[in-house]
Chemist: 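Below is a structure I'd like to ask you about.
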Amino acid sequence: MPHTILIVDDSPSLRQLVSFTLKGAGFEVIEGSNGQDALQRIKGQRVQVIITDLNMPVMDGFALTRQLRGDPLHKFTPILMLTTESQDGKKQEGKAAGVTGWIVKPFNPQQLLAILGKYVR
Amino acid sequence: MQTLAESPPTLADPDRIAALQSDLAACLTLFPVLRAQLGHSAAEVEQSVLEACCGLQTIATHAKQSVAEARQTIDQSAGQAGAGQNGTQALLEAVRAIVDREEASSRSTLATVDVMGNLENEMKGVVKNLSEVDHIAKTLRLLGLNATIEASRAGVHGRTFAVVAAETTTLAVQAAKIAKSIQRTVASLGQCISSSLTQLRKTAADLAAGSQANRLQVEDALTNVGNSQQRLQQAAERAHHAGESLAADVANTVVTLQFQDRVNQQVTHVVEALADIEAGLGAYIHDTADADRPQRNWTQQLVSRYTMKAERDIHSATVGGPAGKDAQLGGNVEFF
């Protein structure tokens, strides 16, 4: 049974690039264009890992993280922030919100897959 | 009264203010155009990257298929139909066995030739012995004749001897006849054996020459097959490495294509800043600006929009503002 990853980013091309990387490695992928859209798409369904951008319209990555941590299904699901932000202040804010890991864009496909390998077997 | 040349114009001059207002109003009409141009550029880049991603998907799929096929070819040719010998090796052994049996037949034929050669010699010996029997028979016949003559000379006393002499002569004649008959039969057999022997020798020689030629031909053919298989395996290995190399190139391309996301963010921040400036200055043009409101901090407003180290670095380099407080490059992955 392939693992399912949720990708959230307001950039369609970025979502495409991440999806291309993950599908090539055998993962199932669900895409969301912002936090609210993502929550709608995974309603009642458990995913193994969430990769989300920070700066998005409607609902940003921090708000999404807080929502997910309040959901019993995803209280302990790894949430990786994939963002251009690299300031320590933002990282601390992410950590406080419940983010598991912080990846600064641009991502390296092989590195991303290696990171996911830590969470899914 | 001061002339225009003596008193430099200031912004307090109503004429100057009117001119500024007019110019500003004209410039502000361009702001939506500038924002639209920037937005369009970002959208075009986004679309191009999306199309490039589709192309990458196709390349990656084909590369993956090629690598899988090359791997399958390598695995199949490396062995293993059965007990550990590959198909070529088994074929080689089977053909060698056929040639070996062919050579064994040749040797067996040669052995038969030897045996028949011995038989021929024996037959010649028999012919020689029969000649001696014939000679003995002739001698006995002469003896019989002499005995008959002596018996007749002995008169009445030689009658019994004459019978014996006659019988001896008869026996000698019969022996000579039998010897002649056997000689003819043996001579005939000898001729058959000689003829067969000659044919058999020729056949054995042909077999030996043929099996030698076959062995050389088969060895050559199998060597060629082996070489072809080796070249095929090497080609499959190269295809496999090329596929892996292509996968690495695709991964690098994925990293490069992410430039679009950064461009998009930067353009968006510029567009938003232009919108702010348009709104802020437009309030003065349309006389809706609140004179009592605090002075807007344009710089702070712009900096607050930044989401990337590159933006902060450019800002600092351009206007000498505070440097970004980003983490050092190299720590682009962090786990909490």
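Values in this document were obtained by computation on a predicted structure and should not be read as measured data. Order of the sequence lines fixes the chain letters, A, B, ..., with proteins taken first and strands second; residue numbering starts at 1 for each chain.
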Chemist: Please state whether the side chain, the backbone, both or neither of B:Gln265 comes within less than 4.5 Å of a heavy atom of chain A.
Modeler: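 Just the side chain, heavy atoms under 4.5 Å.
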Chemist: Who among B:Ser48, B:Cys54, B:Ala251 has the most heavy-atom pairs with chain A under 4.5 Å?
Modeler: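 Among the listed options, the one with the most contacts to chain A is B:Ala251.
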Chemist: Quick one: do A:Glu85 and B:Arg312 make a salt bridge, cutoff under 4.0 Å?
Modeler: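 So A:Glu85 pairs with B:Arg312 through a salt bridge.
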Chemist: For the interface with chain A, which of B:Gln258, B:Gln260, B:Gln57, B:Glu51 has the highest count of heavy-atom pairs at distances below 4.5 Å?
Modeler: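 Looking at each option in turn, the highest pair count goes to B:Gln258.
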Chemist: If you look at every heavy atom in A:Thr84 and B:Arg262, which pair is closest and at what distance?
Modeler: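 Closest heavy-atom pair between A:Thr84 and B:Arg262: CG2-CG, 4.2 Å.
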Chemist: Out of B:Val49, B:Thr307, B:Val250, B:Leu50, which one racks up the most heavy-atom pairs below 4.5 Å with chain A?
Modeler: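 Of the candidates given, the most pairs with chain A belong to B:Thr307.
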Chemist: Name every donor-acceptor pair, under 3.5 Å, that has one atom in a side chain of residues 106-115 of chain A and the other anywhere in the protein, sequence neighbours excluded.
Modeler:
residue	atom	partner	partner atom	Å
A:Asn108	OD1	A:Gln110	N	2.9
A:Asn108	OD1	A:Gln111	N	3.1

Chemist: Sort B:Tyr306 into side chain, backbone, both or neither according to what part of it lies under 4.5 angstrom from a heavy atom of chain A.
Modeler: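 Contact with chain A involves the backbone of B:Tyr306 alone.
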Chemist: Once you round to the nearest 0.5 Å, how far does OG1 of A:Thr83 lie from CE of B:Met308?
Modeler: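 Answer rounded to 0.5 Å: 9.5 Å.
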Chemist: Could you tell me whether A:Lys91 sits above the aromatic face of B:Phe336, with NZ or CZ closer than 6.0 angstrom to the six-membered ring centre and within 45 degrees of the axis?
Modeler: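 No.
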Chemist: Of the listed residues (B:Val45, B:Asp261, B:Leu56), which shares the most heavy-atom pairs with chain A below a 4.5 Å separation?
Modeler: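 Most pairs with chain A among the choices: B:Asp261.
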Chemist: Are side-chain heavy atoms of A:Gln87 and B:Lys309 found at a separation under 4.5 Å?
Modeler: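 A:Gln87 does not reach B:Lys309 side chain to side chain.
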Chemist: Name, in order of residue number, those residues of residues 10-46 of chain A that have a heavy atom at a distance of less than 4.5 Å from a heavy atom in chain B; otherwise write 'none'.
Modeler: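 Only A:Ser11, A:Pro12, A:Ser13, A:Leu14, A:Gln16, A:Leu17, A:Phe20, A:Thr21, A:Gly24 of residues 10-46 of chain A have a heavy atom under 4.5 Å from chain B.
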